[in-house]
Amino acid sequence: MVMLIDILATGLMAIGAFFVFVGGLGALRMPDFYTRMHAASLTDSAGPIFILSGLMVQSESYLVAVKLFAVLVFLLITAPTASNALASASLLAGNKPGLAVKRSSAE
Amino acid sequence: MVWLDLYHYWVFAILLMIGYFSVIAKRNLVKKLIGLSLFQSAVFLLYITMGKVDGGTAPIIGMTDKTDIFSNPLPQVLILTAIVVGISTTALGLSIVVRIKEAYGSIEEDVIHQKDQVE
Amino acid sequence: MNMIDHLPALQVIVPLISAPFCILMRNHMLAWAVAVVASGAAFSLAILSMGFVSDGATLTYAMGGWEAPYGIALEIDAFSALLTVIISGASLLALLAGAASARQQLVDEKQPLFFSAWLLALAGLLGITITADAFNIFVFMEISSLASYVIIAAGPHRKALGAVFKYLVMGTIGATFYLIGVGLIYMMTGTLNLEDIALRLNDVSDQRPIFVAAGFITIGLALKAAVFPLHVWMPNAYNYAPHIVSAFIAACATKVSLYVMMRFDFMVFQPNLVGHEFQFSYFFMPLALIAILSGAVVAALSRDLKRLLAWSSVSQIGYIVLGASLTTEAGLTSAIAHMFNHALAKGGGFLIAMGAALYYTTTRFSNLAGLGKEHPWIAAAFVVIGCSLIGVPGTAGFISKWLLVSAALEQGALGVLIISVVVLSSLLAVVYVWKVVELFYFAPRPEGGSSDVMQVRKPEMLLYMLVLGLVAGANIWFGIMPGEPLALAGQAAQALLGGSL
Amino acid sequence: MIYYFVAFALIVTMALALVRAIKGPGLYDRVLAVNMMGTKTVLLLAVVAYIVDRPDYLDLALAYALINFIGVFAVLEFFRNRDSKLAELAERDETGGPL
Amino acid sequence: MIELFNVFLMSMLIITALAMVSSRHLFVTVMLSGFFSLLIAAIFLLLDAADVALTEAAVGAGISTVLFLGALALMDVEETVRGEKWIRIFSLFVVAVTTLALVYAAFEQPAFGDPNAPIHQHVAPWYIQHVPIHMDIPNIVTGILGSYRGYDTLGEVFVVFTAGIGVLSILGDPVKNRRQRVVKKAGLRHYLIPRLVGRTLIPFIVLFGLYVQFHGEYSPGGGFQAGAIIAAAIILFAILEGEDQALKIIPMRGLYFLMASGALLYAGVGVATMLMGGRFLEYGVLADTMVAGQQWGILLIEAGVGMTVTGVLLTIFHAFAARSNL
């Protein structure tokens, strides 16, 4: 059983680490702001879900698990909100998505 | 390697250099304040690194099973105070910069100096 | 416990606690009154503790009941008692004299904030002098500095802002340098209590970090004390501050930094660092000599009374540093006595500027011409205080200069150089004081410049004249009977060189 | 061991975010990078809490998450305050001019 | 291994600092300074300074970013003038001399982490040993901060207080400044989702702040951090709903009162101990036993710290915001 939990936790955290890293890569390599934001914000939710649940599985006491859960919930609420606010602010400021602009000019 | 053993100290020295340089050389008042806070952060790092004990843990008893070595709490106390002092200085400095901007229309030291000379 | 035992704590706590009360006052006169009462209380406490330490005793107080290296200890000895008297006296007199001036230069509704900051500056300066803990000095240094920035920035001219910003940047660099030095010392000794540091430094075999720490602390404090090449913030800050603030800050702020510097260099480093004495003296003596001359020259060239006084401060701080850099008992006595005498003279000088500005709005020379005919008492007081600045026999300034000269004579050939610089700068002082005296008495009043700009209330004016008379009288009194301050200075010098805290 | 691996991945990602924050090119990119950095720090704290076996560090993680959230809004407020200036800057974002 | 993390984070720290200083655009500098704060806070945590890390995050990444942005809203965000050459050379010279002094001091220091270094021998072990005996609280940092060096903390509170009245005195009363502006500002009302989420979260943030305040004896935290967090929550409210709304909840008079009464509460505890026969800030006399007295004292002064810090930070925020409302 303990073994199983360890494997589960390891798997979850490895997936989380992968998401986090991919998100970072995307934020660095993508061509314009909106695509970068896309990469960053998606993985900003996926990474915490996996990493924190990996930690939660291994937690020794309920208090720790609850705290981790609180952090997770908080991140899941705030991260998308912040992304949303940022994207709409950028759009309102007249900053057009780069890919869309390219396509429309190609047509 | 003696040099590598002291890398915390070198980081402190480099940060200090960067902050200090920016305070003296930059003509923009906000930049000066940013440099000042960098300068102070470097000193915080000096204190905190000297308090670290190998294999130690944060000086809070009882939340951990290990009956352990604690890192030195005193530098932490001092730096808590110093951080507060730092933010107070920054806030005051910024408010003066805001007033300067209103009075002179610029936050560049050279421009301000010129306007003072004209009078 | 007896209330008397709490004396060192009360000295700081009284002004500190009064500050929050000040901002809750809705009426500006009430805020002023709170400030006066608190300063008065601090002054009487200072006089009281001076009585206790005048026979060489020290008052100590363990904050929170924790003994010294673990808790923070307060300590009043002869040196700090003298400083507390200077600080609280300057605050009290400036406040009493400056009621009208504050009304002239500050908006009524800002006065509660202003006086609250004033009390914090006072408490900070007192806290620095009384504590015996290296880090606690930093905390109170920051209280006094931040509060000084605030009260200087209240100056009506926009140039005050630029001056304060420069002061803020340089002051913070100085404080941070001090913090680095304390950090290095703490790293090598593990303690923050000054006495304990001095003891434990003996056992430290690796002297390099200590040596560097001594450098950082000395330079950081020299920056705050406006010692010569680091004085660039000072003249403008004093010049553009509200007059009431100039009178207070100029009389005591830089001296407190000098006090901390002397305590560190003589009590902590001197007995423990090989050759520190010579480093200190070789480093500071040339700077002091240049400061004495250059300050006097710029003062002699300036065309504004406050500017003149501010630059004269650069020169006078040079005297104090010069006395200290002799590292002899006579030299230190002269330096410490000069702290007191210069506070009297410079505080008085800025009081005159304040009075002149009450009638003529600015302190430019072109505005002040002929002041002697319309306000003979102010002009007469200036003559007395000017003589004290020059060092004419019979005034307070003479005593410390005489002590300095006699201390220099002990030095042999070097002494001749020092004495010639002192004589030269005294001549320059004659020039700049005479310039003002001539202006006051012999220049014609400019056309249309004599309009009284504000209604000066009778009681405020009476108070101002009273304080001015008192200060001018003190300049003569302590020139003829230098008794108490000189005795304290002598004791302080002995304690500094004795190496015991 | 997995903890170290995750922590390492987080630190590398922080470095990537740092590159984005320095490179820009636009203002919003930098805000995005700092926000990303904030989330990664929160995760790093949680993982470090496990590595050094101090569950009380999780309080810190919570505090960080919260401060980070407020920071984004402060930035938005700043942008809103400078609407006029903003249009001009946004144009330069398009052209990729240095900021 | 943790060491290795430290090396990485510190290298990033230096890169960030360089980028901050060399960037010509002030907004970028401020954003990077937020980044810098998060990094240095993580480093502090890895160096076992949990309380300091919390403070640095709340102050550096939170409050100081808000302040800088508030000030930047009022000025040109681009650095136009470059210093003259001789100034740069002179600065380089000064900086080089300072650094040389530091390098000179480097090699005779105790090694990093050496448990035999003097600072781990003299005063600190006494604290670690005596905090459980004298006041029986787990967080040694809080114990030292509140009691052994309580006088320093008193000074700290008054530093914050000075900054508060200083900013007020320099920038003027926010309410009056706001009245003079024509444009009324309504906050981020057109951002629907953020507003909704933000408003829901504010009570939880305040709750968390209170937890940090009153749990500071057991876990990282204390009055200062709590004050910063609660102030941040109210600043969030002000950003979302407009400062007028925030000023309706806590008016300026209330903020004055909060600032003053926090400082007075702290000093008042000291005076009370004096009147009860102890020394200034000797909490032991507040209750029958030493331990209970100390705990009461620390609780009260932490409350004072929290009040003052909340009041001052909000005051400063309002003072800046009222100016930027042009």
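We use all heavy atoms of the structure for the numbers below, so side chains are in, but hydrogens, waters and symmetry mates are not. Residue numbers start from 1 in every chain, and the chains themselves are labelled A, B, ... in the order their sequence lines are given, proteins ahead of strands.
Contacts of E/Phe112 with chain B are made by both backbone and side-chain atoms, with heavy-atom separations under 4.5 Å. For E/Ile170, the parts lying under 4.5 angstrom from a heavy atom of chain B are both the backbone and the side chain. For a residue to count as touching a neighbouring chain, one of its non-hydrogen atoms must lie under 4.5 Å from one of that chain's; by this rule E/Pro220 touches chain B with backbone and side chain alike. Neither the backbone nor the side chain of E/Tyr148 comes within less than 4.5 Å of any heavy atom in chain B.
A donor-acceptor contact shorter than 3.5 Å is absent between the side chain of E/Glu56 and the backbone of B/Ile83. Under the 3.5 Å distance criterion, the side-chain polar atoms of B/Asn72 are matched with a main-chain donor or acceptor of E/Ile119. At least one donor-acceptor pair under 3.5 Å links the side chain of B/Tyr9 to the backbone N or O of E/Leu102.
Smallest separation of non-hydrogen atoms from E/Asn139 and B/Pro59: OD1-O, 3.9 Å. The shortest heavy-atom contact between E/Ile316 and B/Ala91 is CD1-CB, 3.9 Å. Of all heavy-atom pairs spanning E/Val21 and B/Lys31, the tightest one is O-NZ, 3.1 Å.
Interatomic distance, B/Phe70 CZ to E/Ile140 CD1, rounded to the nearest 0.5 Å: 5.0 Å. Taken to the nearest 0.5 Å, the CD1 atom of B/Ile60 stands 5.5 Å off from the CG atom of E/Asp51.
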